[in-house]
Amino acid sequence: TCQCFSATAAITLSSLTMTNGYGINEAYGGGIRMYAAGTITNCLFVNNVSRGGGGARVLGTGTVVDCRFAGNRGIEYYAALIMDSASGIVRRCTFATNPANNYAAVWAMSGCAFYDCTFICNSNTLSAGAIICSGGNPIISNCAFIANYGDGAIRMEGSVDDSVITGCTFTRNIGREYGGGIRMYRG
């Protein structure tokens, strides 16, 4: 199999299922790789594999809404989703059972926002189980973090002073070395 979808122009994807995609030549985004701004709505990403972002990698200003990421795997990094834009938005998505060898189910660049999402049973061997926010200033609002394994459900890296985490619940998350909920790291 190969990568399900690759887009170099601004697009909108809706109501698609991307299954068993594989990021060839160590590419990121086994299900989809978006190089430009775009919107992904009501899509299902299942059992996709790549070097990182097994489900999807969004490089432009992207919005991901009402999607489900399940069983995606990052061979090296980030199992389900890479939001590689300072103003990316993830809303009402579910991330379940996405294992990564390093880092988390989701990696987000500074300034990304997560609203009303659920992260359940995501795991890794090196860092946070659910989300890594690099560079600071994320907004994480009304999200549920349940039974994620790693260095906390969320790992905040860089400038954490303007980060917003509000209305979230943390249940049965396991920290290998650090807290099970949130790890703030200024590194």
Open item on the list: Side-chain heavy atoms nearer than 4.5 Å, only ILVMFWY residues, links allowed to pass through others: does that put Leu44 and Leu13 together?
Closed with: no

TODO: Given side-chain contact (heavy atoms from CB on, under 4.5 Å), test Ile154 with Cys143 step by step and report yes or no.
DONE: CA-CA 11 Å; Ile154 301 171; Cys143 294; over 6 Å; no

Task: Closest non-hydrogen atom pair, Asn142 against Cys168 - done: N-SG, 3.8 Å

Open item on the list: Surrounding CZ of Arg183 (heavy atoms of other residues, nucleotides or ligands, distance under 6.0 Å), is the total greater than 12?
Closed with: yes

- [ ] Report whether Met156 and Val164 are members of the same hydrophobic cluster (ILVMFWY, side-chain heavy atoms less than 4.5 Å apart, transitive linking).
- [x] no

Task: For the student: nearest non-hydrogen atoms of Ala153 and Ala128, plus distance - done: O-CB, 3.8 Å

Open item on the list: Is the ring pair Tyr78/Trp107 parallel, tilted or perpendicular, if the boundaries are 30 and 60 degrees?
Closed with: tilted

Task: Point-to-point distance, once rounded to the nearest 0.5 Å, from CZ of Arg68 to SG of Cys93 - done: 11.0 Å

Task: Point-to-point distance, once rounded to the nearest 0.5 Å, from CG of Asp151 to CD1 of Ile174 - done: 12.5 Å

- [ ] Check whether Leu16 and Met34 end up in the same hydrophobic cluster, where Ile, Leu, Val, Met, Phe, Trp and Tyr are linked by side-chain heavy atoms less than 4.5 Å apart.
- [x] yes

Task: Any donor-acceptor pair under 3.5 Å from Asn122 side chain to Asn98 backbone - done: yes

Open item on the list: Between Val106 and Phe114, does the side-chain contact (heavy atoms from CB on, under 4.5 Å) criterion hold? Intermediate values first, please.
Closed with: CA-CA 11 Å; Val106 177; Phe114 295 84; 3.8 Å; yes

Task: Euclidean distance, Ile40 CD1 relative to Thr12 OG1, rounded to 0.5 Å - done: 9.5 Å

TODO: Check for a donor-acceptor pair, side chain of Asn48 on one end and backbone N or O of Asn72 on the other, with a separation under 3.5 Å.
DONE: no

TODO: Check whether any side-chain heavy atom of Phe170 sits under 4.5 Å from a side-chain heavy atom of Ile182, and report yes or no.
DONE: yes

Task: Min side-chain heavy-atom separation Phe69-Val64 under 4.5 Å - done: yes

- [ ] Would you tell me whether Thr63 and Thr39 have side-chain atoms, one donor and one acceptor, within less than 3.5 Å of each other?
- [x] no

TODO: Give the cluster check for Val46 versus Val65: same hydrophobic cluster or not, with ILVMFWY residues linked at side-chain heavy-atom distances below 4.5 Å.
DONE: no

Open item on the list: Which heavy atom of Cys43 sits nearest to which heavy atom of Ser15, and what is that distance?
Closed with: SG-N, 3.8 Å

Open item on the list: Is there a path of hydrophobic side-chain contacts, each under 4.5 Å between heavy atoms, that joins Ile165 and Met83?
Closed with: yes

- [ ] For Asn47 and Thr19, run side-chain hydrogen bond (donor to acceptor under 3.5 Å, both in side chains): C-alpha distance rounded to whole Å, both residues' side-chain angles, the deciding distance at 0.1 Å, then the answer.
- [x] CA-CA 6 Å; Asn47 296 330; Thr19 303; over 6 Å; no

Task: Backbone N/O of Gly152 and side chain of Asn173: donor-acceptor pair under 3.5 Å - done: no

TODO: For the residue pair Pro138 and Cys112, establish whether any side-chain heavy-atom pair is separated by less than 4.5 Å.
DONE: no

Task: Shortest non-hydrogen separation from Tyr35 to Thr8 and the atoms involved - done: CD1-CG2, 3.8 Å

Task: Euclidean distance, Tyr22 OH relative to Ser50 OG, rounded to 0.5 Å - done: 8.5 Å

Open item on the list: Would you compute the distance between atom CG of Asp66 and atom OG of Ser14 and round it to the nearest 0.5 angstrom?
Closed with: 9.5 Å

TODO: Begin with the C-alpha distance, continue with both residues' side-chain angles, and end with the deciding distance and a verdict on side-chain contact (heavy atoms from CB on, under 4.5 Å) for Leu59 and Arg33.
DONE: CA-CA 8 Å; Leu59 285 110; Arg33 186 173 185 177; 3.9 Å; yes

TODO: Specify the closest pair of heavy atoms between Gly62 and Val58, including all atoms of both residues, with the distance to one decimal.
DONE: CA-CG1, 3.7 Å

Open item on the list: One thing to verify: whether Asp116 and Arg92 come together as a salt bridge, which I'm taking to mean a side-chain N less than 4.0 angstrom from a carboxylate O.
Closed with: no

- [ ] Write down the atom of Pro99, the atom of Ala79, and the distance for their closest heavy-atom approach.
- [x] O-CB, 3.1 Å

Task: Inter-residue atom distance Thr118.OG1 - Ile146.CD1, 0.5 Å rounding - done: 6.0 Å

